[in-house]
Amino acid sequence: MRIGVPQFPGSCDEVDALLAAGHVGDAELLWHRDRDLKGVDAIVVPGGFSYGDYLRAGAIAGLSPVMDAIADFARDGGPVLGICNGFQVLCAAGLLPGALLQNQDRRFVLRQVELSVETTDTDWTSAAEPGQLLSIPAKHQSGRWWAPSELHAEIADQDQIVFKYAAGGNFNGSLDDVAGVCNEGRNVVGLMPHPEHAVDALTGSTDGLVLFRSLLEGATNV
Amino acid sequence: MPHVRILIRPKAGILDPQGTAVEQALPQLGFEGVSDVRIGRLVELDAADASEVAAICDKLLANPLIEDYEIQVDGAPAS
């Protein structure tokens, strides 16, 4: 299993993404101007502030050459995970439904949050138990997931809501407590909290590993 | 070259935390009676072909899911 992590100007969580991916395979950095995905089996779009978050978070990164290649990879069914700014980038690129708006209280928030796994039918949650609670950190200012009511109803109906903030834990005002969603193909998943920061007991939780282990499970089932 | 102004606004019904913050600050300055403060963006540019600006808005400048935009060319609303 080889996992590629694209780096944009302003990315800052690519090193932890590489380390987390390294728990289940070989991880390598991909450059934002490069269309070549180097034959990797999966992609993790990391967190940070790509292109300074200018215009809107993720808007400019979504148009970069590497994202063009990642969009093709995703359309062919390749597993793609977007974390935090990576989630914003995937939404901006039209690979995931909805948009991420400024937190309702306008503050940048860093805290450990509990997420419930709403579906295990995705490439990134197949190793989790339905309803499993994951303790992983969140750190963002623009993580309020929102979609128009018809789109929200549609993705809820299609079981595309992958993670929710556990009861009482919706600190950013996301619609329906949504913390993460997937595409129709269920191979592209995005979430605001950071599973790649929760892979070592030294930092308090290893709950984030289940996303990366899911990838292995998918690969062995093929 | 036509001068284009693009007004980009959060769609009606979407919480605008910046607008809320400004609205809440105004009474502290003695300005009462201001409501529905909404904050968007103004983009100005010169475009050789002003008819392309709507496509530029849809693809980059605005997110049509969450924002509305209005294009003015040389001071007049675009048709």
Side-chain angles (χ1 to χ4, degrees), chain A residues 50-64 67-68 71 85 87-109 140-155 170-178 181 183 190, chain B residues 2-29 31 34-73 78:
Chain A
S50 58
Y51 296 89
D53 273 355
Y54 292 146
L55 200 58
R56 293 179 311 278
I60 298 181
L63 304 174
S64 64
M67 281 310 300
D68 218 28
N85 189 230
F87 183 20
Q88 296 165 338
V89 171
L90 294 176
C91 286
L95 294 172
L96 285 174
L100 283 316
L101 299 161
Q102 191 182 35
N103 295 351
Q104 63 181 4
D105 65 0
R106 305 178 292 276
R107 292 194 185 89
F108 180 93
V109 175
H140 59 251
Q141 187 166 10
S142 293
R144 175 168 50 109
W145 185 84
W146 187 86
S149 51
E150 320 79 66
L151 179 62
H152 170 237
E154 186 187 317
I155 73 153
N170 180 1
F171 64 93
N172 61 21
S174 288
L175 182 65
D176 193 23
D177 302 334
V178 170
V181 297
N183 66 341
Chain B
H3 182 68
V4 181
R5 309 177 92 191
I6 303 146
L7 306 170
I8 301 165
R9 305 182 171 92
K11 278 195 192 238
I14 294 184
L15 173 70
D16 171 22
Q18 281 191 89
T20 308
V22 169
E23 188 170 323
Q24 289 169 353
L26 288 173
Q28 296 170 31
L29 295 169
F31 298 106
V34 178
S35 59
D36 287 324
V37 179
R38 311 278 290 168
I39 298 181
R41 281 193 305 280
L42 166 66
V43 179
E44 293 190 295
L45 51 86
D46 292 332
D49 181 358
S51 70
E52 287 181 344
V53 174
I56 292 172
C57 289
D58 286 333
K59 288 190 175 156
L60 180 61
L61 297 181
N63 179 346
L65 195 66
I66 52 173
E67 293 167 324
D68 289 323
Y69 61 83
E70 182 184 325
I71 299 169
Q72 298 170 352
V73 181

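This structure is a prediction, so every number in the text was calculated from the model and none was measured. Quick note on labels: first sequence line is chain A, next is B, and so on, each numbered from 1.
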What are the two closest heavy atoms between B:N63 and A:A99, and how far apart are they? ND2-CB, 3.9 Å
Using non-hydrogen atoms and a 4.5 Å limit, figure out which bit of A:L55 sits close to chain B: side chain, backbone, both or neither. both
Around atom CZ of A:F108, are there more than 12 heavy atoms from other residues, nucleotides or ligands closer than 6.0 Å? yes
Please determine whether the number of non-hydrogen atoms from other residues, nucleotides or ligands lying under 6.0 Å from atom CG of B:D49 exceeds 12. yes
Heavy-atom closest pair (A:Q104 atom, B:L15 atom, distance to 0.1 Å) is CB-CD2, 3.7 Å
In terms of heavy-atom contacts, does CZ of A:R106 have more than 12 from other residues, nucleotides or ligands at under 6.0 Å? yes
In Å and rounded to the nearest 0.5 Å, what is the CZ to CG distance from A:R56 to B:L61? 8.0 Å
Proximal component of B:Q18, with respect to chain A [non-hydrogen, under 4.5 Å]: both
Just so I understand: if I count every heavy-atom pair under 4.5 Å between each of B:I66, B:V43, B:I14 and chain A, which residue has the most? B:I14
Given a strict heavy-atom distance threshold of 4.5 Å, which part of A:N103 is in contact with chain B: side chain, backbone, both, or neither? backbone
What are the two closest heavy atoms between A:Q102 and B:P17, and how far apart are they? OE1-CB, 3.4 Å
